[in-house]
Amino acid sequence: MTRMLNMVQAIRDALDVKLAEDNRVLVLGEDVGVNGGVFRATDGLQDKYGPERVIDTPLAESGIIGSSIGLALNGFRPVAEIQFLAFIFPGLEQVFAHAARMRYRTRGRFTAPLVIRAPYGAGIRGPELHSESLESLFAHTPGLRVVAPSNPYDAKGMLISAMEVDDPVIFLEPTRLYRAGTRDVPEGSYRVSLEKAERLTEGRDVSLFAWGAMVPVALRAAEQLEKEQGLSAEVIDLRSLMPLDKETILSSVEKTGRAVIVHEAHQTAGLGAEIAALLADEAVWCLRAPIKRVAGFDVPVPPFSVEDAYLPTTERVLAGLKEVVMAE
Amino acid sequence: MTRMLNMVQAIRDALDVKLAEDNRVLVLGEDVGVNGGVFRATDGLQDKYGPERVIDTPLAESGIIGSSIGLALNGFRPVAEIQFLAFIFPGLEQVFAHAARMRYRTRGRFTAPLVIRAPYGAGIRGPELHSESLESLFAHTPGLRVVAPSNPYDAKGMLISAMEVDDPVIFLEPTRLYRAGTRDVPEGSYRVSLEKAERLTEGRDVSLFAWGAMVPVALRAAEQLEKEQGLSAEVIDLRSLMPLDKETILSSVEKTGRAVIVHEAHQTAGLGAEIAALLADEAVWCLRAPIKRVAGFDVPVPPFSVEDAYLPTTERVLAGLKEVVMAE
Amino acid sequence: MLAENELLQHPGFTSAAELTALPALRVVQPDGQANEELLSRVSDEELIAMYQQMLRVRLFDRKCIALQRQGKMGTYAPFEGQEAAQVASAVCLANKDWMFPTYRDHAAAMTRGLPMQTVYRYWMGQMDGFSVPDELNILPPCVPIATHLLHGVGAAWAARLRDEDTVSFCYFGDGATSEGDFHEALNFAGVFHLPVVFFCQNNGFAISVPFARQSASPTIAKRASAYGMDGIRVDGNDAVAVYLACQTAIHKARNGGGPTLIEAVTQRFGAHTTADDPTRYRDQAAMNEEWRRERDAVQRLRLLLTSKGLWDDNREEQWIAKVGNELVNAWEEAVAKPFSEPIEMFDHVYSKMPAHLEEQKKLLAGGGLA
Amino acid sequence: MLAENELLQHPGFTSAAELTALPALRVVQPDGQANEELLSRVSDEELIAMYQQMLRVRLFDRKCIALQRQGKMGTYAPFEGQEAAQVASAVCLANKDWMFPTYRDHAAAMTRGLPMQTVYRYWMGQMDGFSVPDELNILPPCVPIATHLLHGVGAAWAARLRDEDTVSFCYFGDGATSEGDFHEALNFAGVFHLPVVFFCQNNGFAISVPFARQSASPTIAKRASAYGMDGIRVDGNDAVAVYLACQTAIHKARNGGGPTLIEAVTQRFGAHTTADDPTRYRDQAAMNEEWRRERDAVQRLRLLLTSKGLWDDNREEQWIAKVGNELVNAWEEAVAKPFSEPIEMFDHVYSKMPAHLEEQKKLLAGGGLA
Ligand SMILES: Cc1ncc(C[n+]2csc(CCOP(=O)(O)OP(=O)(O)O)c2C)c(N)n1
Ligand SMILES: Cc1ncc(C[n+]2csc(CCOP(=O)(O)OP(=O)(O)O)c2C)c(N)n1
Ligand SMILES: [Mg+2]
Ligand SMILES: [Mg+2]
């Protein structure tokens with residue numbers, strides 16, 4: 001059985017499934033209980049599972065993440081919601097110094113399998129600090145898994161996988177896609193890999209890498225490229241940002257010889273750099289063009305009246321694709 | 001007049017010079033006053049300038065950085081010491097959400113020209129979390145300057161520049177080089193650019209990029225390469241990590257056609273990726289070999305008995321150089 | 001103003017040494033009856049000015065909600081119910097003082113002189129909505145909870161180091177008291193004995209989370225003792241009580257008496273923001289009823305003024321008309337002003353634009369890739 | 001053990017409602033004289049066991065300093081002076097309880113059963129120095145200050161959710177009380193009424209910074225009231241007082257009575273670490289003199305035991321000899337054990353090694369590039 005769900009509904013469904021089947025799973029955070037989350041991702045769950053399993057916490061992110069680590073140490077599987085990704089800043093010490101290292105430090109004796117869910121990214125006319133993309137900070141931190149789904153099906157399957165894997169997972173939810181469309185989503189449990197990228201279109205001429213809310217942008221740009229130039233882009237949704245699915249990345253560029261990477265985080269030291277660096281090391285002989293990044297500019301995400309210009313647009317991605325396919 | 005100073009002495013000298021000539025400069029942090037800093041970088045300064053200008057704070061990094069922002073808003077030039085770089089974690093919200101954005105947010109009306117000094121890097125048999133290299137986190141944050149000197153002369157001149165520039169500066173001090181050797185350091189004021197890399201050796205065959213404590217490692221590897229293969233590496237000390245001196249980076253690789261980047265931070269999403277990505281975009285036509293990164297492994301910095309194996313060694317850098325020069 | 005020791009002796013106040021669960025200081029009752037002795041510390045002109053300002057900001061707030069509903073502004077955070085807390089505190093500050101508001105404290109900022117137009121522009125997502133006139137030391141609304149308390153501490157520290165008598169005044173909510181930065185700020189202020197006032201509007205909720213879930217301590221003022229500072233709990237819907245408490249704390253800070261924590265107990269009458277639905281977490285109908293009966297700060301002050309013969313329907317009408325014009329004019333100016341250009345996003349990132357931003361700026365200007 | 005209400009009525013204790021600058025609870029005076037009534041709650045066997053353990057860890061501590069000086073260990077954090085606080089608290093815990101120590105609390109961890117060899121290996125920078133026997137819920141020493149208090153909160157929360165009667169016991173210093181995480185941890189514990197004991201060893205210094213620079217509040221115990229929890233201040237050099245306070249707080253936590261903050265006032269006799277020079281920030285000679293006269297916890301307990309006829313020079317000598325053997329044997333085992341191999345650094349980063357780490361591991365193993 002499947003239903004058409006949007007991403008918020010799919011995420012709620014994943015939490016519902018695991019809360020029902022695994023009594024170690026807890027949901028906690030600011031406004032996740034009575035209010036059902038500011039995006040309603042936890043709507044109805046407290047009514048169903050009670051206030052001991054779906055918990056409104058004080059307004060303190062270090063407290064939320066730090067106590068989740070303690071809950072995980074002692075047998076639970078906490079799923080902590082950070083209301084918007086940048087509000088994880090006060091909790092970064094707990095993430096960097098502890099969640100990521102508990103297993104390593106104790107040589108496997110203690111582990112911290114928690115999931116930190118957070119809406120991320122711009123494009124929803126949010127106030128300041130409601131639009132950040134920080135994936136490269138987490139990808140640079142050994143011990144963490146970092147994932148970002150781009151559609152309701154993946155969101156549910158990946159969140160279920162995240163609640164089952166024995167590592168801490170940073171689960172990035174592209175706010176802009178929360179209600180951007182629906183998909184057939186199976187009822188009950190299913191898993192989507194936390195390590196595999198997905199090839200969304202087959203292409204010959206250029207590889208186009210994206211994740212989260214940039215996936216639809218990449219797809220539109222690829223379509224446009226096909227229409228305008230009759231050239232085909234291979235669009236790859238990375239899904240897992242740490243670890244990266246190197247095999248899929250490399251094999252695509254080995255075929256196309258060209259790569260464009262799209263992300264909405266700032267360009268400098270963003271995750272696009274890592275992908276470009278991988279290619280510049282291991283696929284350099286196949287490269288037939290410069291590797292282009294189309295990314296958020298190296299400025300703080302600006303006030304919402306101009307945020308669209310901060311973000312990679314279809315036009316900017318298309319321009320990047322054209323530069324690359326016309327190079328040589 | 002110059003004297004032979006080690007890096008700690010050079011840093012203290014820079015603070016001394018600016019405390020004397022600019023009454024807006026304050027030094028604050030844990031143990032910086034009476035104790036003179038755990039590395040003695042502020043030794044004697046409280047005696048000289050009094051406890052109102054060289055200030056022992058409570059043990060709270062968010063407090064140190066947040067109140068430094070307020071001091072800077074209201075006319076001072078605080079130089080905050082974070083005892084070891086990873087202890088900035090609890091203060092990251094103040095750095096990311098405020099120090100980096102104050103000027104931007106207020107359209108220049110308010111600014112936060114503070115310097116955050118922190119010993120960083122491994123190799124001194126430190127306990128856990130005393131050996132981190134986090135430059136890419138800061139380089140990914142628009143609004144911050146990030147620098148790392150590799151010798152006493154630069155350390156003093158760059159720290160003076162950092163105290164004068166109207167932007168917040170993350171000033172990374174390679175612990176391993178604190179007392180690793182002395183240099184002629186001028187008395188009084190002088191400045192070293194916060195934006196320019198320095199070419200340390202001229203070379204034809206490969207460009208070798210490094211910063212901080214990796215600079216001597218790179219130099220040794222380059223020497224070895226010369227000795228073993230008669231090939232010359234152009235060693236470039238980046239010094240400024242944000243902004244990067246793109247011109248120097250590109251022009252070197254345009255000449256050599258080959259690049260190796262050395263850093264002790266974890267490889268994935270480290271700053272080496274940004275440099276490789278720059279080259280893969282803007283110098284791809286010149287590349288005659290894969291771009292190699294020789295970096296810290298993607299594991300938490302291990303306990304000190306094995307930390308040397310975590311760090312790039314002369315041997316590992318040399319192996320990287322050889323791979324690159326022998327490619328084709 | 002109250003003398004400092006007089007304040008400390010009043011049953012509504014307490015020194016750090018004696019803090020326990022406290023009754024709140026109240027001067028004016030919901031029906032407008034006042035403690036005449038305390039009321040006499042405030043002049044009639046001050047009372048009228050506060051009332052006018054409270055009514056002005058309330059009308060502004062309602063206008064913003066309407067504009068948001070029409071799609072002309074982004075998500076908006078209303079403050080209706082908190083007018084006394086914000087206005088009666090802000091009037092106590094001088095231009096030279098430093099004010100650190102949150103996203104909900106534009107009533108306070110406007111009271112200190114922030115142009116209405118700027119506030120409109122802020123909620124329209126325009127870049128100049130974050131700009132503050134040169135003569136005012138008001139920071140833009142702080143979004144990350146409790147972080148600005150440390151900036152208040154630092155600015156106060158700077159004033160003390162220069163022997164200036166300026167004060168930092170920090171606004172924050174009950175939820176903010178749970179963040180680590182609240183603790184670090186109060187601790188620094190206590191240790192360095194700084195001229196800062198921590199002004200907490202305890203409106204009982206952090207979005208949907210009630211105060212009892214924020215803190216096992218029944219009051220916020222009580223926490224002052226953990227930092228060796230005095231705490232004051234006031235009825236935040238009583239403008240006169242707020243005024244006296246703030247004036248005293250500011251005077252004390254200005255004169256080397258150190259920091260104070262003020263808890264103004266109040267209510268947010270409406271939603272947390274226009275994106276919020278308060279009926280999900282509270283009985284809004286009951287709240288409405290109770291609030292109108294005894295919590296509405298504007299009504300309370302009007303009853304007082306009327307009973308003292310300082311206000312009447314006529315003056316009310318005229319004032320509303322005047323403010324109505326201001327609201328419309330300011331809005332017209334706000335939309336007449338050029339909107340932010342995307343290209344402005346490259347300005348003010350650094351004191352001098354670095355090369356990579358020059359490049360990115362050129363690319364955006366040229367419609368290029370970036 | 002004391003009954004809970006008995007504890008609360010003792011002049012050394014106070015409820016959250018009454019906290020002020022407090023005298024500390026003391027049972028045994030520096031000269032070994034004791035309050036017999038309170039002393040009677042502790043059996044002779046317990047007293048002897050605590051003394052033996054205190055002496056054992058002191059000898060261990062001195063051995064470690066010597067080993068560090070010989071270059072056989074890295075920077076070491078000694079605890080001499082804090083033996084009573086650590087040992088008398090740790091003996092109150094059961095195996096099932098959760099202990100969260102810092103870098104200075106290996107006396108506590110060893111008291112709970114952490115093998116001496118593991119502690120040696122930790123300070124030698126060996127990876128297995130962070131390993132803890134399966135039957136003990138002791139976390140490795142926490143380095144980032146105050147962060148582990150939240151782990152204690154979470155573990156206690158888990159116990160409560162499962163209706164288990166295990167307790168979390170968190171060790172930390174006076175400096176730690178300035179960090180935001182201290183505040184967030186105590187606040188969570190208060191709000192969720194969790195079975196956790198926050199045990200602060202106030203040794204008067206955070207490295208060089210004296211307590212008066214950490215906090216404008218004269219005591220730490222007093223801060224408990226800000227979190228709606230009880231606070232206890234004890235003489236941390238009096239093993240019996242520490243024992244009674246901890247036992248009571250643990251019993252209370254185990255039985256649903258919620259969290260407690262204990263402040264054990266003590267002294268770190270030596271340097272902060274072997275890299276520290278305390279003469280830079282305190283009069284060490286005066287301190288030595290005072291400490292030996294009235295602060296030395298080991299001496300105090302020995303005087304008590306001797307006066308009760310439970311200990312004598314002969315037993316002392318035998319015990320020292322026995323411990324001496326243990327110290328040497330454990331050290332020999334510690335160095336005989338294979339040292340950590342670099343290649344182990346790739347293990348336990350993830351539950352399953354991802355491909356990029358496999359590659360890096362292979363490269364290191366092959367002496368390759370990375
Ligand atoms: C660090 C951080 N975490 C979460 C949020 C999201 N958030 C915005 S307002 C709010 C509630 C604040 O409550 P309170 O401090 O009582 O102020 P009020 O909104 O009631 O005025 C939350 C959780 C935020 N802005 N910053
Ligand atoms: C977050 C953080 N900041 C700074 C340090 C460096 N540091 C290690 S111990 C210490 C002092 C701790 O003092 P206290 O809490 O009183 O414990 P004590 O050492 O006296 O036992 C400091 C500043 C650290 N480990 N973690
Ligand atoms: Mg509130
Ligand atoms: Mg201490």
Side-chain angles (χ1 to χ4, degrees), chain A residues 23-24 26 28 52-53 55-76 78 90-91 93-94 96-98 100-114 142-145 165-168 194-195 240 242-247 278 282, chain D residues 98 100 127-134 136-162 164 166 168 179-181 183-192 194 196 344-357 359:
Chain A
N23 61 15
R24 299 170 308 165
L26 302 174
L28 74 170
E52 300 237 301
R53 297 194 62 205
I55 307 156
D56 281 320
T57 65
L59 205 177
E61 289 76 10
S62 193
I64 292 168
I65 299 172
S67 60
S68 292
I69 292 170
L71 283 159
L73 282 175
N74 197 358
F76 281 88
E93 182 173 37
Q94 289 292 344
F96 291 161
H98 290 300
R101 289 169 188 255
M102 196 53 82
R103 170 186 294 278
Y104 186 76
R105 174 186 293 148
T106 65
R107 306 277 83 200
R109 168 74 167 86
F110 295 111
T111 60
L114 71 153
L144 300 179
R145 290 178 180 276
V165 75
D166 289 329
D167 303 310
L194 297 179
E195 311 210 337
S240 173
M242 181 67 184
L244 286 169
D245 180 355
K246 233 174 100 171
E247 211 179 294
L278 278 180
E282 302 190 35
Chain D
W98 287 76
F100 297 85
M127 289 197 165
D128 58 358
F130 293 79
S131 302
V132 176
D134 280 348
L136 295 176
N137 291 321
I138 304 177
L139 272 285
C142 183
V143 168
I145 302 290
T147 53
H148 56 308
L149 274 58
L150 281 163
H151 309 161
V153 164
W157 197 347
R160 214 209 55 189
L161 287 173
R162 279 197 304 263
E164 292 168 2
T166 54
S168 285
E179 290 278 9
D181 273 7
H183 174 71
E184 298 193 16
L186 271 78
N187 193 45
F188 269 61
V191 166
F192 295 105
L194 300 176
V196 52
E344 292 173 44
M345 77 171 85
F346 295 98
D347 299 335
H348 302 297
V349 183
Y350 294 93
S351 56
K352 193 180 133 278
M353 195 176 293
H356 69 287
L357 284 187
E359 270 179 48

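Note that the structure is a prediction, hence the values are computed from the model and not measured. Just so it is clear: chains get the letters A, B, ... in the order the sequence lines come, proteins before strands, and each one is counted from 1.
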(message) At a 4.5 Å cut-off on heavy atoms, which part of D:Ile138 comes close to chain A: side chain, backbone, both, or neither?
(response)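 Answer is backbone: N, CA, C or O of D:Ile138 sit under 4.5 Å from chain A.
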(message) Heavy-atom pairs under 4.5 Å with chain A: which of D:Ala185, D:Pro144, D:Ser351, D:Pro354 has the most?
(response)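 Most heavy-atom pairs within the cutoff with chain A belong to D:Ser351.
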(request) Name the member of D:Asn187, D:Val191, D:Val153, D:Leu139 that forms the most heavy-atom pairs with chain A at distances under 4.5 Å. (result)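 Top count of heavy-atom pairs under 4.5 Å with chain A: D:Leu139.
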(message) Check whether A:Gln94 reaches the backbone of D:Thr147 with its side chain - one donor and one acceptor, N or O, closer than 3.5 Å.
(response)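 Looks like yes, one N/O pair under 3.5 Å.
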(request) Using atom types as modelled and distance alone, determine if a side-chain donor or acceptor of A:Ser240 lies under 3.5 Å from a backbone N or O of A:Leu194. (result)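 A pair under 3.5 Å: yes.
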Do you know which of [options] has the most heavy-atom pairs with chain D at a distance under 4.5 angstrom?
options                               : result
A:Thr111, A:Ile69, A:Asp245, A:Leu71  : A:Leu71
A:Arg105, A:Glu195, A:Met242          : A:Arg105
A:Glu247, A:Lys246, A:Arg145, A:His98 : A:His98

Would you mind checking which part of [X] comes under 4.5 Å of any heavy atom in chain D, side chain (CB onward), backbone (N, CA, C, O), both or neither?
X        : answer
A:Leu114 : neither
A:Glu52  : both
A:Leu26  : side chain
A:Ala60  : both
A:Ile65  : neither
A:Ser68  : neither

(message) Does this structure show an ion pair linking A:Arg103 with A:Asp167, if we count only N-O contacts that are shorter than 4.0 Å?
(response)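 Salt bridge: yes.
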(request) With side chain to side chain contact (heavy atoms under 4.5 Å, CB included) as the test, would you mind laying out the steps for D:Asp181 and D:Leu149 before giving the verdict? (result) CA-CA 7 Å; D:Asp181 273 7; D:Leu149 274 58; 5.9 Å; no
(message) Do A:Arg101 and A:Thr106 make a side-chain contact, defined as non-hydrogen atoms from C-beta onward lying under 4.5 Å apart?
(response)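 Heavy-atom side-chain distance check fails, nothing below 4.5 Å.
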(request) May I ask you to decide if the ring planes of D:Phe100 and D:Trp98 are parallel, tilted or perpendicular, using 30° and 60° as cut-offs? (result)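 D:Phe100 vs D:Trp98 ring planes: parallel.
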(request) Please step through side chain to side chain contact (heavy atoms under 4.5 Å, CB included) for the pair A:Met102 and A:Leu73, ending with a clear verdict. (result) CA-CA 9 Å; A:Met102 196 53 82; A:Leu73 282 175; 3.8 Å; yes
(request) List the atom of D:Phe188, the atom of A:Pro58, and the distance in Å for their closest heavy-atom pair. (result)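 That would be CZ-CD, 3.7 Å.
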